[in-house]
Amino acid sequence: MTDETPREAAEVLSVSDAERLAEIMQALASPVRLRILSVLRARPSTVTELSEELGSGQTTVSNHLRLLRHLSLVEGSRDGRHVHYSLFDEHVAELLDEAVGHLSHLTSESKRR
C-alpha cells in the first residue's frame with residue numbers, strides 16, 4: 001500500500017475522459033461564462049439577476065447557462081416562475097478558484113520581470 005494521493009496515482013486520461021474534459025475546458029474559455037460562474041461562486045442568481053450584473057441580454061445569459069448546465073457546471077432550482085442557478089458542486093468552485101489563483105500568480109510573476 002502506498003500513500004499516493006489520487007492525483008499522484010492517476011494514469012493517462014482515457015480518450016473519453018479527455019474528450020469530456022476538453023468540452024468543459026472549452027466552456028471555460030468564454031469570458032461571459034467565466035463571469036457567470038464567478039457571480040454564482042458568490043451567490044445563487046436568476047437569469048434576470050445575472051443579466052443585470054453582467055450587462056448582458058437575458059437570451060445570451062440563458063444560452064450560456066444552458067451549456068453550463070449540460071456540462072454539469074451549474075444547476076438550477078425552480079422557485080415558482082424563477083430558476084435560481086448555482087454552481088453544481090464544490091469542485092466547480094475549486095476549479096474556478098485555482099484558475100483565478102493561477103491568473104494572480106501570472107500577474108505577480110510578470111511584475112517581477
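Because the structure is predicted, anything quoted here is derived from the model rather than measured. These values consider heavy atoms only, across backbone and side chains, with no hydrogens, waters or symmetry-generated copies.
Checking side-chain atoms of T60 against main-chain N and O of S56 turns up no donor-acceptor pair under 3.5 Å.
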(request) Apply side chain to side chain contact (heavy atoms under 4.5 Å, CB included) to T48 and H82, showing your working. (result) CA-CA 9 Å; T48 301; H82 301 283; 5.7 Å; no
Which pairs would a plain distance check flag for residues 23-31, meaning a side-chain donor or acceptor within less than 3.5 Å of a matching protein atom at least two apart in sequence or in another chain?
from, atom 1, to, atom 2, distance (Å)
S30, OG, V32, N, 3.4
S30, OG, R33, N, 3.3

Could you list the donor-acceptor pairs under 3.5 angstrom formed between side-chain atoms of residues 87-96 and any protein atom two or more places apart in sequence or on another chain?
from, atom 1, to, atom 2, distance (Å)
D89, OD1, H91, N, 3.0
D89, OD1, V92, N, 3.3
D89, OD2, H91, ND1, 3.3

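Across V61 and S51, no two heavy atoms sit closer than the pair CG2-CA, 4.0 Å. Here the closest heavy-atom approach between residue V74 and residue Y85 is recorded as CG2-CD2, 4.4 Å. L37 approaches L73 most closely through the heavy-atom pair CD2-O, 4.4 Å.
The NE2 atom of H84 lies 6.5 Å from the OG atom of S77; values are rounded to the nearest 0.5 Å. The distance from atom CG of L40 to atom OG of S38, rounded to the nearest 0.5 Å, is 8.0 Å. Within the model, atoms NE2 of H64 and CG of L54 stand 9.5 Å from one another, a figure rounded to the nearest 0.5 Å.
The closest side-chain heavy-atom distance from L65 to I36 is below 4.5 Å. By the 4.5 Å heavy-atom criterion applied to side chains, R41 and S86 are not counted as neighbours.
Residue E19 forms a side chain to side chain contact (heavy atoms under 4.5 Å, CB included) with just one option from V15, L21, D17, and that option is V15.
Here salt bridge (charged side-chain N to carboxylate O under 4.0 Å, His left out) pairs that include residues 49-68, with residues two or more places apart or in two chains, are R43-E53.
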